[in-house]
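As the structure lists them, so they are numbered: ligands from 1, and atoms in each ligand from 1.
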Amino acid sequence: MSYKNFPMVPRVIFGRGSFNQLNELLAPKRLSINAPFIYLIDDVFKNNTWLLSRISLAYDDRIIFVSADEEPKTAQVDTLVEDIILKDKEQPSGIIGIGGGTLLDLAKAVSIMLTNNGETKDYQGWDLVKNPAIYHVGIPTISGTGAEVSRTTVLTGPERKLGINSDYTPFDQVVLDSELTKEVPKDQWFYTGMDCYIHCIESLTGTYLNAFSESYGKMALDLCKEIFLEGNLSEVEAQEKLMMASWHGGMSIAYSQVGIAHAMSYGLSYLLGTKHGVGNCIVFDHLEAFYPEGVKLFKQMKAKHKVTLPQGICADLNDREYDIMIDVALSLEPLWENAIGKNWKKIITREKLRTLYQKM
Ligand code: NAD
Ligand code: ZN
């Protein structure tokens, strides 16, 4: 048995208003006046002076606004990297990603591809990155994915949706300021929050579970219950706790694995472009046979917050389309092995997956 030597984020600031310290964090990291800081920011903040006025741009520093309407693509990373290489005289001093999982993943990928040759799609997989990334900072503005702490950046490429999993992927610095999440729309808050909840359930019920993953998973699950079920927290408390739940949930799956909701949600995302948070919810809602307790609680939380999930998204699909989704889902072997065990192929058939997808 060989154990993973897992890299962690070496520096993190936590606290309401800690975003104000960004400039002082970055100043010592500036390599030269020709080496700018590049900010990748969710374009939902384009006119948000409350946030933008606190970023002080110097020399050739610049902000690139990116839409999070679609999940990140490998070609999108290539374009961003080309643009940075063409415009700047030297390698940037750092990449700062500000937004949800989409922007965090883009920032990680861009920082890797600035120091590694070839196309982004060539690095989708495990430990294919050769050179350390440039300095990169993650600043989440919505909580749940755990992308702020993880060793992967999930990208959709021409052939697959798969992360760049590497020791160079994690951020060098993370800023956890829950105030940045205060304007997240309710439905999105629920979907991305449930990503965290589902990470906990898939990790805690999986066959890969160990004491490391279990301790983080239990903490995150308790926080999710406080936030989404018990409901006696103030808004600020709920925002701070969800930020920590996301972190712990990410730590839990780092040393175990996710499971069936993620495998099947990747299928939806690859074929239909369904986004991660809502896709996980759509799938998880139908997984009571696999996660009875987890799905029961999920349905309670959904009812409590009066969230309705999209229905019938697979209604008009043809056989070929079902096959594509099933192929994507089944290709994620470690997720199935974690969920069901080594003999999962005897239990999970294509017909079973098709029946499940048909309900969604
Ligand atoms: P997101 O980044 O896709 O954003 C969702 C929506 O919320 C967008 O419309 C965005 O504009 C909006 N939003 C974000 N912050 C806001 C704010 N403060 N106020 C108002 N609106 C705001 O959401 P997500 O669920 O955090 O991320 C999903 C992505 O994360 C997927 O691409 C998924 O693959 C990825 N992911 C990555 C990992 C990882 O470990 N790297 C893990 C899980 C998911
Ligand atoms: Zn997830």
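Ligand 1 has a nitrogen or oxygen under 3.5 angstrom from a nitrogen or oxygen of S150.
The proximity of L180 to ligand 1, defined as any non-hydrogen pair under 4.0 Å, is limited to the backbone. By the criterion of a heavy-atom distance under 4.0 Å, the side chain of K275, and not its backbone, is placed next to ligand 1. Under 4.0 Å from ligand 1, the heavy atoms of V44 that appear belong solely to its side chain.
The nearest heavy-atom contact from the protein to atom 42 (C) of ligand 1 is T145 O, 3.4 Å.
Against a heavy-atom cut-off of under 4.0 Å, G100 is close to the following atoms of ligand 1: 2 (O), 26 (O).
Of the residues listed (F290, Y191, F298), the one engaging F284 in a ring pair (Phe, Tyr, Trp, His ring centres under 6.0 Å) is F298, and it is the only one.
Ligand 1 is never approached by Y191 to a heavy-atom distance shorter than 4.0 Å. Heavy atoms of G277 come nearer than 4.0 angstrom to ligand 1 in no pair at all. Ligand 1 lies less than 4.0 angstrom from a heavy atom belonging to P185.
Taking a 6.0 Å sphere around NZ of K346, one finds it holds 12 or fewer heavy atoms contributed by other residues, nucleotides or ligands.
Metal site remark for the Zn ion (ligand 2): C196 contributes no N, O or S atom at a distance under 2.8 Å.
Salt bridge absent: D327 and R160 never bring a charged side-chain N and a carboxylate O closer than 4.0 Å. A salt bridge does not link R11 to D172: none of the charged nitrogens lies less than 4.0 Å from a carboxylate oxygen.
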